[in-house]
Amino acid sequence: MEGLGQWLYDHLLSLILWTPVVGALFILFTHRENVRQIRFWAHVFTFLPLAFSVYLWIAFNPPQMEMQFVETYDWIPVLGIRYKLGVDGLSMPLVVLTALLTFVSVVYSPTAIRVREKEYYALFLLLETGLVGTFMALDFVLFYVFWEVSLVPMYFLIGIWGGPQREYAAIKFFLYTLVGSVAMLLSILILYFHSEPRTFGMTELIEQQPLEGKGILQVLAFLGFYLAFAIKVPVFPFHTWLPDAHVEAPTAGSVLLAGILLKMGTYGFVRISLPLLPEGSQVFWAPMGVLGLINIIYGSLVAMAQDDLKKLVAYSSIGHMGFVMLGIAAAAMDGRSFTDPVLRDYKVIALNGATFQMIAHGLMTGAMFLLVGVIYERAHHRDINRFGGLWSQMVVYGSLFSFFSMGELGLPGLAGFWGEFLAVLGAFQLFAWAGLAVIGIVITAAYFLWTVQRMFLGEPKEAHSNYPDMNLQEHISLWPLAVLTFLAGVYPKGLLTIIQPAMESAVEKMTKVLGGG
Amino acid sequence: MDATPTVTAIILLAPFVAYLINVFFGGRLKEKAAFVSLSLVGLSAILSLLVFYHVVSKSLSGHFEGYRGTWLTVPLGSKELALGYQVDTLTAFMLVVVTFVGWFIQLYSVGYMAGDPRFSRYFAFLSLFKSSMLLLVLSDNLVGLYAAWELVGLCSYLLIGFWYEKPEAARAAKKAFIVTRCGDAGFGLGIFLTFYLTGTLSFQEIFHQAEALTGEKAQLISLAAVLLFCGAIGKSAQFPLHIWLPDAMEGPTPVSALIHAATMVAAGVYMVGRLYPLFATPMIEASWSLQVVAWIGALTAFLAATIAVAQDDIKRVLAYSTISQLGYMLLGLGVGGYSAGLFHLVTHAFFKALLFLGSGSVIHAVHTNDMKKMGGLKEAMPITFWTYIIGMGALAGIPPLSGFWSKDEILAAAYIANKPIFIVGLLTAFLTAFYMTRQIGLVFFGKNRDPHSHPHESPPVMWVPLVVLAAGAVLVGFIGTPWYNVFHKLVHFEGAPHHPFKPLPMILSLAAAILGILAGQNLYITNPIKGPDDEPLRRRIGRLYDFLANRWYLDWYDPVKPQPGYYLTPSFIRFTIAQRWVDLHIVDGMVNAVGYLTAYILARFYRLFDLYVVDGLVNWTAWITGFIGNGLRKIQTGLVQHYMFIVLTGLALVALWTLMKQMP
């Protein structure tokens, strides 16, 4: 028994990573008519990774700055390619978030998905592996493989189970992100061919700094990664695939798209761009900061003008991810700020905020898209202006919607507050114009409250009188997110003690390169 | 009782527990929801009173810094952000005001809200508000203060919009939240700047660090103070963010009493008091941030008082009066009257809550807010009438009621520090007495102008709180008389100037109040108005009256037609729609254009490539083969001599080639 426990502990990451694939195989060998069985397997094989990842959270040792639960095996030794997994305070919460949101999405899906369920759940499980793998991989080839693997199931999820414009949206999403991936691949190759000894290992490359002092080459490599990550985040002006993809994607697809896929971009910035290419990041810190602000303000303004609820939430995501970018820009800021320990501290605060915001946004926007799905299943449209007075008819739904709206607009006591607050607090200390982000906070409040007013307040309408309140699946999928949003809001320490060492480590690595002069 | 972390946490969390119980089990609890809420809020009220008693007795018996402690910490780089509490005399007073006044307002609500289908939800929100407000007064750091600040804003939003079926209520709720958030944006920037200057967010350390600052950073402290004050401008409804509070009257009247008169709107004043060392840097007389506070306060006090004169809605008069009085408090703090401003906060909490509850009692009886349709309620509602008179007297500043003492102290401070502000204050005092007399005259005197209404006194659950608050409105003032000022002894600022008592400002302020009452009596009580359309003041000042009735045309957020601001909100929406167009057609258009262009070029390129290269290669191979084949066919004649000739020619060419290579 002890041996099994140890074995589980040693291969925890692989277990979380590959269990969904096993589930996908189970589903493939189930008859397509046997929908109950298919759903059962989907539930089991998304619950297992969730259970494992909860164990991962418990077993994780927060103060340790290095990677934990590392597994290394040779894969293609000739080229120095390895199967190497590991997590730290940056990736561990994202892994848990992925497992949670996937499970929640699968629980929610039966009410919305009625056709080709076999393929749907199989692809969904495959998607989970791609996403989790992206956050775990410590070898660039592996990372790239998972990055691409996550792309394909999402393409099909949008293209098959999506809305009327699904094919356009799916292709746009696919091509757009593919362009980024190709650029990233080139950057990876640049790094590889300048490494000595040749390696694709992320930690090894960060240690080696193969492009240190290489001027234009470093900048090019940075831009390659930048394009890939910025498209994923998405950073203005690369954001237009997002509303299209969201509007067409099925609810569960949107949940993972906004909840996890966007974080692949910001994760890449913190994991790769900052510590591996500190000089390149430093060159572009100001544009990154400006674009972050544009995301916040412009995203909120455009969100305000939306009549389609799902589009509104999509644009709100663009705004919220701007705070993450602001924190990253603060961390990348010019070299002088690395010689001063006080300023370095501000970078850690800003990055803490950025990473906290990734998690908080995942929880809340995931829930928001589920809520959009709930009303869409009843009304079969998402036009905000056609609703009204719903709170009287759907009390729990209205309350949860208001709850998450408050979270989205950054109400203290809920998760959204700490990410935004810490990111701007840290960034403001380094460059005062980060304070302009408060404009976005006001507009965000305005459009969320306006939405609540238009949908839930006012006289109840006859047309909605037969809408049932939320059903069991919807309850099960939403309440965990609500509870976590609340917990992260009142006890941010729980998450921040995990995140902070990883952020300190990132800043320390940058300081090694930039702090010398 | 000592204020340990546990005790303060219970004070804070007991109402929150009531909130949770009422939210999740309210459907089953029904009427018992009020009992849950009252008992748990009562618990925190009793604990608060005990804490108050200890803090006051310790302070009076010697130097007492206050209790401090930490509830939670948040990692902040190499430092830690300690989210804790402090209970000094100021907080102790606020605790009592919030829990004690609040408890009676909640009791009153049991009668006022009886029969409402969302009865339990009302008490849930009210409990949540209590908890948030207690966090606000207990916090010892900017983050806790800001968090509570937003949370009370949320409760205010939920309660203004409590009857959300009414579109006006829904709009008013949103307006309140968004307008105050404009101020909070400044508050946020203030927090960031304070952190930049002092490297900390806890009050004590901020003050400590701020003292040590020199040069440019010392200048910036005042800017930080003014930015923080933006939050107070929003929350305490000061010009130009005052516009939300009158609309907030759409909420149930007890909510107006508790949140929009006694406690939450006073949070801005409390904040300035709490952060006074920051405002008073480097010293009170030379601080431009205090100048800003004083002038914003004075301007608002006067502006709102003039508007109150020309309102017909009983609650709106009180709302503008609240704005005006909050301005008064800030005016007091701004001119260096630290104790004066905060004393007025305490007395105002009692008498304004009383007035609001009294107006609620009236509305409950006559089912209208329009004072022009009331009249003659004196006989039908004697308890409401007499308690209202006490509240009115306290607000107008009639001795020995509480408002007289606190208002007088403010004017005394202004008289010494800033004469123009003193005059504005005096004018406001006159207007205050006038509009309150007008209100009394319209509501209680004359004849009932609505033949359909049958007014009656409210039930005991409503009038008992009126009596208690009226007693408070009389008695609280005596802790702050010029002869024996206990309040000043307890709540004072070390650096604030202390002046000997001067009779002149007191005489002037009393004169202003009496003049105001006489003018009001002359216009509205001696000759009662004849009908709902009659307005004696309009007959005298004509268009100025309309100007005041239209609130100086200042409303800039989502007002109705005659306000120029009517066009502002739709313009903003149109602006965002333009942004949407840009996003859809220009940003995305560019992406699509690049996409199509690439696809087109690739396709064209592919076609050409296909046509000329791929296909061409195939054709070319065929052609070459054919050509060579044709050529070769010609030489296959079948004649031996031809073949011989070719072989020999070839041989000759090879020989020639070899020879040429060997030539030098």
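Just so we're on the same page: letters track the sequence lines, and every chain starts at 1. FYI, side chains are in, hydrogens and waters are out, and symmetry mates aren't considered; it's all heavy atoms of this structure. Quantities reported herein were computed from a predicted structural model and do not represent experimental measurements.
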Which residues share a side chain to side chain contact (heavy atoms under 4.5 Å, CB included) with A:E459, sequence neighbours left out: B:E165
So which part of [X] gets closer than 4.5 Å to some heavy atom of chain B, the side chain, the backbone, both or neither?
| X | answer |
| --- | --- |
| A:V452 | side chain |
| A:W450 | both |
| A:V395 | side chain |
| A:F448 | neither |
| A:S392 | both |
| A:L422 | side chain |
| A:M503 | neither |
| A:F456 | backbone |

Under 4.5 Å from a heavy atom of chain A, the part of B:I577 involved: both
So which bits of [range] come within less than 4.5 Å of chain B, counting non-hydrogen atoms only?
| range | result |
| --- | --- |
| residues 237-246 of chain A | A:P237, A:H239, A:T240, A:D244 |
| residues 433-441 of chain A | A:G435, A:V438, A:I441 |
| residues 340-348 of chain A | A:D345, A:Y346, A:V348 |

Between A:L351, A:V442, A:V396, the one whose heavy-atom pairs under 4.5 Å with chain B are most numerous: A:V442
Presence of salt bridge, B:D583 and A:K311, under 4.0 angstrom: no
Mutual orientation of the aromatic rings belonging to B:Y146 and A:F417 [parallel < 30°, tilted 30-60°, perpendicular > 60°]: parallel
Geometric class of the A:F428/B:F192 ring pair [parallel <30°, tilted 30-60°, perpendicular >60°]: tilted
Flag side-chain contact, heavy atom, 4.5 Å: B:R118 against A:W391: no
